[in-house]
Undergrad: 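Dropping the structure in here first, questions after.
Each ligand, and each atom within it, is numbered from 1 in the order the structure gives.
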Amino acid sequence: MKIIGSSNARVGLPLGMAVLRKGGSALDAVELAIRAVESNPLDHTVGLGGLPNLLGTVELDASIMDGTTRAAGAIGGVHRFEHPISIARRVMQELPHAFLVGEGAERFARECGFEEVDLLTEEALEMYARGLRQGGVEAPFADAVLRALVGRLATQPDRVSGKEAGKDAGTVNVLALDQHGNLAAGVSTSGFAWKYPGRVGDSAVIGAGNYCDSRYGAAACTGRGEMAIRASTAHTVVTHLRSGAGPQESGRRAMSDLSDFADPYFSSMNCVVLAPDGNHAAFSTLETATYVYMDSQSKDVQEEPRTHVPWLAGA
Ligand code: GLY
């Protein structure tokens, strides 16, 4: 039994581990752990309290994957629902689809009985407005200027990103291995702060920010989602695991693939990896990033440094 995640998964891991200790499924553990992060208003990168898009609307992406069946569910660009991870799971389980976006995803969430809530907290609204001011932008602004604004805000030196405080950038990753040898992976995010409306990141893209196969391992990403989409990072990690490399080598190779990608908006890239034998590893382009985990013996959440894989294109 093992559960690992990005450092902001700390609030959810004990709940996930409790599921695993009772003989519950890796999928249940992942969903429950992520729901706790989605409900944490102090986390400005996931769910309630997440930073909004350029127009001030909190817009969420999430995905979940069952490593045993390789079934997956994902939603992108969803407003007003606190638990996108649970909606993604319902997509996986109840529809002949793997990925819903926008209005259709919201319609499906309502049909499933998920409650609509206001996700924009006062603190997140203040951070959003402060970001606009620092970028020299005054809301409301004309739609015609959005294209220019998104670039300007994305390059602000102190925007919320992986550079801030050396943390792995926002978004939550949780990977779990249950008593029966099943792996599951989940990712949830409010995405790139001040993003262009409709932008969907890697968290909702199976293969980019999330991939899981109980035979070989699971991987998930945080950070600059466009990078993980360009390099199919999570699937690449699992492909290396499949070829016989261990979690440390597989993650390092996948991260190295994107180290020379040019990107003027680069913040950081990070991934976590869990093998079917419970071995795990985590990586970051930041020097001081950490990740968290628990196993069957853990009393508390353990935190470890990630392996540093520099982003050479920006060095
Ligand atoms: N990795 C989360 C995002 O780019 O939206």
Undergrad: So is there a nitrogen or oxygen of Gly225 less than 3.5 Å from a nitrogen or oxygen in ligand 1?
TA: yes

Undergrad: Are Arg199 and ligand 1 in contact, using a heavy-atom cut-off of under 4.0 Å?
TA: yes

Undergrad: Distance under 4.0 Å to a non-hydrogen atom of Thr171: what atoms of ligand 1 satisfy this?
TA: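 Close to Thr171: 1 (N), 2 (C).
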
Undergrad: Any salt bridge between Asp28 and Arg89, counting N to O under 4.0 Å?
TA: yes

Undergrad: Between Arg199 and Glu226, is there a salt bridge with N-O shorter than 4.0 Å?
TA: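 Counted as a salt bridge, because a side-chain N and a carboxylate O are separated by less than 4.0 Å.
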
Undergrad: Please confirm whether Asp202 comes within less than 3.5 Å of ligand 1 when only nitrogen or oxygen atoms on both sides are compared.
TA: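 Checking ligand 1 against Asp202, an N or O pair does fall under 3.5 Å apart.
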
Undergrad: Ignoring hydrogens and angles, tell me if any N or O in the side chain of Lys2 forms a donor-acceptor pair with the backbone of Asp277 under 3.5 Å.
TA: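 Pair absent, no side-chain N/O of Lys2 close to backbone of Asp277.
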
Undergrad: Below 4.0 Å from any atom of ligand 1, is there a heavy atom belonging to Gly223?
TA: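 Judged by the 4.0 Å heavy-atom criterion, Gly223 does count as contacting ligand 1.
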
Undergrad: What atoms of ligand 1 come within less than 4.0 Å of a heavy atom belonging to Ser203?
TA: 1 (N), 2 (C)

Undergrad: Give a yes or no on whether a salt bridge exists between Arg253 and Glu249, defined as a side-chain N under 4.0 angstrom from a carboxylate O.
TA: yes

Undergrad: Assert yes or no for the condition that the ring centre distance of Phe114 to His83 is strictly below 6.0 Å.
TA: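 Aromatic pair excluded; centres sit 6.0 Å or further apart.
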
